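Structure first, commentary second.
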Amino acid sequence: MGIFVYGMIGWNIKVSLSNWHTVVEDNSYAGFGTYRDLMDDERFTAAWENLLTFTVVFIVGTMVMGLIMALLLEKGVRAEGFFRSVYLFPMAISFIASGIVWRWLMNPAPGERASGLNVLFSKVGLDSLQNPWWQDQKWGMAAMAMPAIWQMSGYVMALFLAGFRGIPDELREAARMDGATEGQIYRHVIFPQLRPVALSALIIVGHISLKVFDLIVAVAGQQIIADVPAVYMWQSVFEAQDYAKGAAIATCLLLFVAVLVVPYLVYTFRQEKR
């Protein structure tokens with residue numbers, strides 16, 4: 001842990017503060033100049049805007065879909081084990097594999113050149129629903145979140161289902177005895193008990209979305225319209241060989257993930273202490 005986690009983080013920060021902007025290693029101290037340059041970099045700003053759109057749609061989509069699927073299973077449907085496996089199966093597929101399939105499904109070509117979802121809409125007479133998907137200037141990153149929602153909703157479902165099964169039946173029976181309807185039971189008894197589970201799911205999918213890389217590359221390649229900080233970091237290091245810039249972008253990503261994760265860790269520690 002000390003070497004391969006915290007040691008590497010320290011080395012990365014050290015590189016981000018250096019003058020190592022070419023293939024020739026230069027560890028001389030440069031201060032925060034690279035970070036200031038990133039703040040003025042229009043591509044860096046656009047990448048964060050894309051990531052924000054992706055993150056919001058991804059988190060909302062996975063939380064809502066996961067909760068709905070957990071509610072359906074929580075009612076005790078027949079063949080629950082089968083449906084649970086079906087919902088969880090996408091999680092077993094890598095983002096690269098699912099990204100390749102969704103690249104075909106979200107092919108932006110219209111008309112006779114359409115494929116995937118666009119040709120499906122055409123065949124059922126819903127041509128108005130054909131759209132450029134991830135190539136849309138305004139909502140492209142929202143469409144890019146669809147494969148991620150499809151892949152991670154089952155995991156969120158499993159978390160919520162475990163939360164549902166952990167609530168004692170006595171609480172529901174007591175609420176029914178007091179005259180509460182099923183809707184009131186879920187609103188005032190069950191959902192408040194799921195807050196720790198919801199927080200955990202939010203943290204997990206949130207940090208996954210902030211680090212997204214393989215899905216973007218699999219679907220869109222390295223096109224600027226679908227740019228995110230992780231892709232920009234990869235290009236800075238392995239194509240432009242600007243190691244200081246790549247390390248600075250990585251440090252920014254680490255800080256944003258820490259902003260999301262550290263409060264959760266503090267909250268968990270305080271809860272355990274209580």
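Nothing here was measured: the structure is a model prediction, and the numbers come from that model.
The closest donor-acceptor contact from the side chain of Ser153 to the backbone of Trp150 lies at 3.5 Å or more, if one exists at all. Looking only at distances, no side-chain donor or acceptor of Asp178 sits under 3.5 Å from a matching main-chain atom of Ala180. Remark: side-chain polar atoms of His188 are not paired, donor with acceptor, to backbone N or O of Ile185 under 3.5 angstrom. Remark: side-chain polar atoms of Asn118 are paired, donor with acceptor, to backbone N or O of Asn107 under 3.5 angstrom. When atom types are taken as modelled, the side chain of Ser122 and the backbone of Val119 share no donor-acceptor pair closer than 3.5 angstrom.
Using modelled atom types and a 3.5 Å distance limit, the side chains of Thr251 and Asn12 yield a donor-acceptor pair.
Counting heavy-atom neighbours within 6.0 Å of Leu255 CG, excluding the residue itself, gives a total above 12. Counting heavy-atom neighbours within 6.0 Å of Arg43 CZ, excluding the residue itself, gives a total above 12. The environment of Tyr29 atom OH is dense: over 12 non-hydrogen atoms of other residues, nucleotides or ligands sit within 6.0 angstrom. Around atom CD of Gln137, no more than 12 heavy atoms belonging to other residues, nucleotides or ligands sit under 6.0 Å away.
Within the 4.5 Å cutoff, the side chain of Leu215 has no heavy atoms near those of the Gln151 side chain. Between Val219 and Met146 there is no side-chain heavy-atom pair separated by less than 4.5 Å. Taking the side chain as every heavy atom from C-beta outward, Arg84 and Leu73 approach each other to under 4.5 Å. Here the side chains of Leu72 and Phe83 are not in contact, with every heavy-atom distance at 4.5 Å or above. The shortest distance between side-chain heavy atoms of Ser16 and Thr34 does not fall below 4.5 Å. The side-chain heavy atoms of Asp26 and His21, taken from C-beta on, include no pair separated by under 4.5 Å. Between Val217 and Trp234 the shortest side-chain heavy-atom distance does not fall below 4.5 Å. When side chains are defined from C-beta on, Ile225 counts as touching Trp134, because their heavy atoms get closer than 4.5 Å.
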For this session: Starting from the C-alpha separation in whole Å, work towards a yes-or-no answer on side chain to side chain contact (heavy atoms under 4.5 Å, CB included) for Tyr232 and Ile224.
Result: CA-CA 9 Å; Tyr232 190 16; Ile224 297 297; over 6 Å; no
For this session: Go through Phe95 and Ile216 one step at a time and tell me if the side chain to side chain contact (heavy atoms under 4.5 Å, CB included) criterion holds.
Result: CA-CA 9 Å; Phe95 268 132; Ile216 303 296; over 6 Å; no
Exercise. Would Met152 and Phe58 satisfy side chain to side chain contact (heavy atoms under 4.5 Å, CB included), going step by step from the backbone distance to the final call?
Worked result: CA-CA 9 Å; Met152 294 303 300; Phe58 174 57; 3.8 Å; yes
For this session: Apply the test side chain to side chain contact (heavy atoms under 4.5 Å, CB included) to residues Phe164 and Leu67: give CA-CA distance (whole Å), side-chain angles for both, the deciding distance (0.1 Å), then the verdict.
Result: CA-CA 10 Å; Phe164 280 125; Leu67 180 59; 4.1 Å; yes
Exercise. Stepwise, does the salt bridge (Lys or Arg N to Asp or Glu O under 4.0 Å) test hold for Glu182 with Arg176?
Worked result: CA-CA 8 Å; Glu182 284 300 308; Arg176 292 190 182 100; 2.9 Å; yes
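One hydrophobic cluster holds both Met39 and Val228 under the rule that ILVMFWY side chains link at heavy-atom gaps under 4.5 Å. The same ILVMFWY cluster, assembled from side-chain heavy atoms under 4.5 Å apart, contains both Leu159 and Tyr264. Both Val257 and Leu51 are members of a single hydrophobic cluster when ILVMFWY side chains are connected at heavy-atom separations under 4.5 Å. A chain of hydrophobic side-chain contacts below 4.5 Å, direct or via other Ile, Leu, Val, Met, Phe, Trp or Tyr residues, connects Ile13 to Met1. Using a 4.5 Å cut-off between side-chain heavy atoms of Ile, Leu, Val, Met, Phe, Trp and Tyr, with links allowed through other members, Phe238 and Val24 fall into different hydrophobic clusters.
Smallest separation of non-hydrogen atoms from Asp136 and Trp139: OD1-N, 2.7 Å. When all heavy atoms are compared, the tightest approach of Ala143 to Met106 is O-SD, 3.4 Å. The two atoms that bring Ala218 and Ile100 nearest to each other are CB-N, 4.1 Å, heavy atoms only. Between Val261 and Ile203, the shortest heavy-atom distance links the atoms CG2-CG2, 4.2 Å. Contact record, Ala145 with Val57: CB-CG1, 3.8 Å, taken as the closest heavy-atom pair. Closest approach of Ala226 and Met141 over heavy atoms only: CA-SD, 3.8 Å.
A tilted orientation is assigned to the rings of Phe191 and Tyr186, their planes being inclined by 30° to 60°.
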